[in-house]
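Report on the structure given below.
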Amino acid sequence: MKRFWSVFLISIFALVVMGIGAAQKAEAQLTDEEYKKANTEYFNRCGGCHGTLRKGATGPALTPDKTKAKGTELLAKIIFDGTPGGMPGWGAAVGVYTKEQAEQLAKYIQMEPVAPPEFNMKDIKATWKIHVPVDKRPTKPMHKRNWENFFAVILRDAGKIGIIDGDTKEIVSVQDSGFAVHTLRYSKSGRYLYTIGRDGKATLVDLWMDPIQTVAEVKTGIEARSIDSSKYEGRKGDFVDKLAVVGNYWPPSYVILNGLTLEPLKIVSTRSYTYDTKEYHPEPRVASIVASHIDPEWVINVKETGLVLLVDYSDIKNLKVTTIESERFLHDGGWDASKRYFLVAANMRDKLVIVDTKEKKLAAIVETGVKPHPGRGANFKDPKYGPVYATPHLGEAAVALVGTDPDRYPENAWKVVRKLKVAGDGGLFIKTHPKSKHLWVDHTLSKNQDAHRSVTVYDIKNLDAAPKILKLTDRGRIVHMEYNKDGDELWISIWDKQGEIIVFDDKTLTEKARIKDPRLVTPTGKFNVYNTRHDIY
Ligand code: DHE
């Protein structure tokens, strides 16, 4: 009799669950196949802005209580055409969805969100592979190339990284990586390249080997965006190439790795409470990470809670973390020229947060404009206002210059001292170099085709003069700039299925070369070994 009741209750429970599932599907009218596809697309393209749990971040929440009120037709139109608030038109502008696919996603986001599974140490360890053990690696460079002037280029949709010799402009090597790699960093010595895919797969590439090889890999989570190495030298060089850290979007955490093997050493969850309203947040994602040069420390920015973590890696068993309350929606950022202050965008709050890593506290928060997006930003000396840090904006056609020298220019420190007009909104990246007199700005996500195919270039010595607008392509979008080691060439990507890299003579602003190769599939970020390793931007 007891057995009868348990079977009966389990059957009722199963019927209820199946009923809910069927009701959801019926309501949303998606076949199993369509649901699977929409689910994958959501995590690949939408989760970054709207959150893995659809609770919102850079983009608004997409929970059924919000989406059902809008209905399939309007949601599909938004997905296809984009919004003035900065969401790209995934059909009309970016061209990755048909109207039918936009409609399927519109139906999907009206259904209850499903949380992806957790990913514990056992799961991480199961993905860890050493391809070339440390003792089988060379102790000096095995080729004659000027490896400090290599550029590692993200070949986004190919799931690969291209290594280009900055002197000869040859593609020296193409290495497999995670899915749609997001950002790259180097080890302190510069010989190792760290890559991180959106799928949480990190790889380690040894630039000294001939041929260049991926020597280790590990998947630290299900979604990730950031990685960095231990850049503090220590008294005896104890931290050189020793550790790395990955910032996960899902599960919300950071994972500390052995810098030479990528062996996973420690996972730290970032689930906690928002800094202001003290509400529990189940998905506070790790956005940018930078490594300090003055302390054994990473600056780890937690998006949804608005907390900046200064993580001391000198003793990871007894981890010391300074938790700084700042502003919500922390995203991307970089050092000021002195590398004491870290500036990070709280993009949905239109602000830059400035952290003093020497005093280990918040220095200031400054409003700069609609959705600042600095990438790692750009540092130079404004002829009138002294040292400044510059950021473009996603939501307005302007660059803000913020004073960064509280000792010599206290009246300008942490204030917007100038705003420079650029050719479009949708700005993602900005770049200059200590040896250059130019400031380059892209407008990659502008809806205006002329703008997203151009760059704005200012003369730093004469910021009152009108900038030059250079139209560079008739297809794709212009994205991300990087200098060579000597600071006399500027490299820029044409982000297209068959992409190109344009090399400018930075002095004359004339084109020096166009790197074209069938392997240059959707090139996005480019990272010069010397400049990235020393945080020169
Ligand atoms: Fe990025 C940096 C997150 C969309 C290209 N991007 C970053 C960083 C974060 C981030 C947190 C800072 C990493 C660091 O410094 O440690 N990016 C996100 C997103 O969440 C978002 C909005 C949506 C998503 O789903 O990923 C997003 N990013 C994009 C793009 O669409 C871009 C243009 C192309 C792509 O890869 O899809 C893009 N993001 C980049 C690049 C950097 C970056 C090239 C590194 C710039 C640098 O110079 O450091």
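When a ligand or atom number is given, it counts from 1 through the structure's own listing order.
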**Message:** With a heavy-atom distance limit of 4.0 Å, tell me whether Leu428 approaches ligand 1 through its side chain, its backbone, both, or neither.
**Reply:** side chain
**Tyr249 and Glu283: CA distance, side-chain angles, deciding distance, side-chain hydrogen bond (donor to acceptor under 3.5 Å, both in side chains) verdict** = CA-CA 8 Å; Tyr249 266 18; Glu283 192 201 355; over 6 Å; no
**Asked** Under 4.0 angstrom from ligand 1, any heavy atom of Gly375?
**Response** no
**Request:** Measure the acute angle between the ring planes of Tyr42 and Tyr108, then classify it against the limits of 30° and 60° as parallel, tilted or perpendicular.
**Result:** tilted
**Aromatic ring pairing Tyr232/Phe239, orientation class (parallel under 30°, perpendicular over 60°, tilted between)** = tilted
**Request:** Report the part of Phe429 (side chain from C-beta onward, or backbone N, CA, C, O) that has a heavy atom under 4.0 Å from ligand 1; answer both or neither where that applies.
**Result:** side chain
**Lys303 touching ligand 1 at heavy-atom level, < 4.0 angstrom** = no
**Message:** Measuring centre to centre across the rings, with the benzene-like ring taken for any Trp, is Tyr254 within less than 6.0 Å of Trp298?
**Reply:** no
**Request:** Would you mind finding which of Trp495, Tyr249, Phe527, Trp298 brings a heavy atom closest to atom 20 (O) of ligand 1?
**Result:** Tyr249
**Request:** Taking only heavy atoms of His480 into account, list the atoms of ligand 1 that are under 4.0 Å away from them.
**Result:** 46 (C), 47 (C), 48 (O)
**Asked** Ser288 to ligand 1: N or O pair under 3.5 Å?
**Response** no
**Request:** Would you check the N or O atoms of Arg45, main chain and side chain alike, for any that come under 3.5 Å of an N or O of ligand 1?
**Result:** no
**Request:** Decide yes or no for Trp440 and Ile478: does some side-chain heavy atom of the first lie under 4.5 Å from some side-chain heavy atom of the second?
**Result:** no
**Asked** Are Trp250 and Phe43 close enough that their ring centers fall under 6.0 Å?
**Response** no
**Prompt:** Do ligand 1 and Arg225 have nitrogen or oxygen atoms that lie under 3.5 Å from each other?
**Reply:** yes
**Request:** Report the member of Thr183, Val181, Val153 with the shortest heavy-atom distance to atom 45 (C) of ligand 1.
**Result:** Thr183
**Message:** Using side-chain hydrogen bond (donor to acceptor under 3.5 Å, both in side chains), reason through Ser288 and Ser226 one step at a time and then give a plain yes or no.
**Reply:** CA-CA 6 Å; Ser288 47; Ser226 48; over 6 Å; no
**Message:** Which label fits Tyr530 and His534: parallel for a plane angle under 30°, tilted from 30 to 60°, or perpendicular past 60°?
**Reply:** tilted
**Message:** If I apply the N/O under 3.5 Å rule, does Ser226 come out as touching ligand 1?
**Reply:** no
**For Cys49, atoms of ligand 1 separated by under 4.0 Å from a heavy atom** = 22 (C)
**Request:** Please state whether the rings of Phe429 and His373 are parallel, tilted or perpendicular, taking 30° and 60° as the class boundaries.
**Result:** perpendicular
**Request:** If the plane angle is over 60° it's perpendicular, under 30° parallel, otherwise tilted; pick one for Trp335 and Phe342.
**Result:** perpendicular
**Request:** Go through ligand 1 atom by atom and flag the ones less than 4.0 Å from a non-hydrogen atom of Ala287.
**Result:** 11 (C)
**Prompt:** Going by the order shown, which atoms of ligand 1 are within less than 4.0 Å of some heavy atom of Gly525?
**Reply:** 44 (C)
**Asked** Salt bridge between Arg328 and Asp276, side-chain N to carboxylate O under 4.0 Å?
**Response** yes
**Proximal ligand 1 atoms for Arg376, defined as those under 4.0 Å from one of its heavy atoms** = 47 (C), 48 (O), 49 (O)
**Message:** Below a 4.0 angstrom heavy-atom separation, can you tell me which part of Arg185, side chain or backbone, both or neither, approaches ligand 1?
**Reply:** side chain
**Item:** atom 1 (Fe) of ligand 1 to His182: nearest N/O/S atom name
**Value:** NE2
**Prompt:** Which of the atoms in ligand 1, numbered in the order shown and given with their element, are less than 4.0 Å from a heavy-atom of Arg198?
**Reply:** 4 (C), 24 (C), 25 (O), 26 (O), 29 (C), 35 (C), 36 (O), 37 (O)
